[in-house]
Amino acid sequence: MKKKNREKLSVRNAEKLSALRIPLAQKQLLGKLLSDETDCMYDDRFRRPSVMKEIMEREVEAVANENLCLEDEITLFLQFNYARYKMEQVRKSILRDKDWPLSKIKELQAWYQLSCDVQSQIVSGNLGLVLSMAKRVSYPTVEFTDLVSEGSMALLRASEKFDCALGWKFSTYACRAILKSFSRASKQNYRYRGMFPAQWDPSLERDDYLEQCREETHEDWVEEVRVIVRENLAELSEIERAVVKMRFSLDDNGKGEDDKPLTLKEVGAKLGLTKERIRQIQNKALGKLKVVAEERMAVS
């Protein structure tokens, strides 16, 4: 019976959510905030508005790789958890209402944004801890970047579970969480290597289909040009045919004494012409060949 009531409530909430005149991205975020309970590390000061007002108005600047003093750290965690505490209160208030007032929806979003901002400060201020620990540990089967990624996620989760009222420094609590994440990543990687013992070789995964297509196309063009030169379909002059054959090894049989392409200077020496004159003849002949080759390839 309780399950059916929850399902009906969920359907009604979905209908109310779709009826709201807010952007789609905000609807998606609001749906997530309303469907999930928001946990926080409760503190008795949360019920004393005057005290919390003073705490929430304090400005703390967290700088990467610089440790926060204990007072600033406590302030940030109180701000973070109070924002999450207020989120849950507003969430329950919205779900109890028959109509969802936009004022409360904006309040929920504001507290959510504040919690994200403060958590980002906490994580940024302690990110150097992840890097230094990743450099000190030795897990041969795990890449350094993977350790940093796992450690950063552990740091994020630790910020949500840390209780500043216990009097510890957050770094002490976070170190244990980060080391556990390193160990967990190493075990997972070890199990994976046990299932797939062969070392991954990028060259085995490379697809050479495009290279093969390019080689085949190149060979087709070379053969087509050889036919055009042999049958003189481009109406080349004798000197043009001679230059092209020697420069690109295009004799009638595709092999022989001219098997090796000659340089402009070598062709010029054989024909008694200058290097520049051979270049001019070559370019003119290639222009003729290109026109005929493109027409023949298009037809085929």
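A quick note: this is a predicted structure, and the numbers were derived from the prediction, not measured. For the numbers below, each heavy atom of this structure counts, side chains included, while hydrogens, waters and symmetry mates do not.
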Check: Looking at the rings of Trp111 and Tyr82, which for Trp means the six-membered one, are their centres under 6.0 Å apart?
Finding: yes
Item checked: Any side-chain heavy-atom pair of Pro101 and Asp97 under 4.5 Å -> yes
Checklist line | Flag for Gln280-Arg277: side-chain donor and acceptor within less than 3.5 Å | finding: yes
Margin query: Pair Val137, Tyr139 - check side-chain contact (heavy atoms from CB on, under 4.5 Å), show working.
Written below: CA-CA 7 Å; Val137 299; Tyr139 292 102; 3.8 Å; yes
Checklist line | Asp72 vs Arg58 side-chain heavy atoms within contact, under 4.5 Å | finding: no
Checklist line | Electrostatic pair Lys86-Glu107, nearest N-O below 4.0 angstrom | finding: no
Check: Does CD belonging to Glu235 count more than 12 external heavy atoms closer than 6.0 Å?
Finding: no
Next item on the list: Give the intermediate values and the outcome of side-chain contact (heavy atoms from CB on, under 4.5 Å) for residues Tyr112 and Leu108.
Entry: CA-CA 6 Å; Tyr112 170 74; Leu108 177 62; 5.7 Å; no
Item checked: Closest approach of Met133 to Cys175 (non-hydrogen atoms, all atoms of both residues) -> CE-O, 3.5 Å
Notebook entry, point to check: Any ion pair linking Glu88 and Arg91 (charged N to carboxylate O, less than 4.0 Å)?
Noted result: yes
Check: So Phe77 and Phe170, would you call those rings parallel, tilted or perpendicular, with 30° and 60° as cut-offs?
Finding: tilted
Check: Can you tell which of Val243, Leu273, Ile281, Val244 makes a side chain to side chain contact (heavy atoms under 4.5 Å, CB included) with Val267?
Finding: Val243
Next item on the list: Taking Ser183 for its side chain and Leu179 for its backbone only, find out whether a donor-acceptor pair lies under 3.5 Å.
Entry: no
Next item on the list: State, without any angle test, whether Gln113 and Asp117 hold a side-chain donor-acceptor pair at a distance under 3.5 Å.
Entry: yes
Checklist line | Backbone N/O of Gly31 and side chain of Ser35: donor-acceptor pair under 3.5 Å | finding: yes
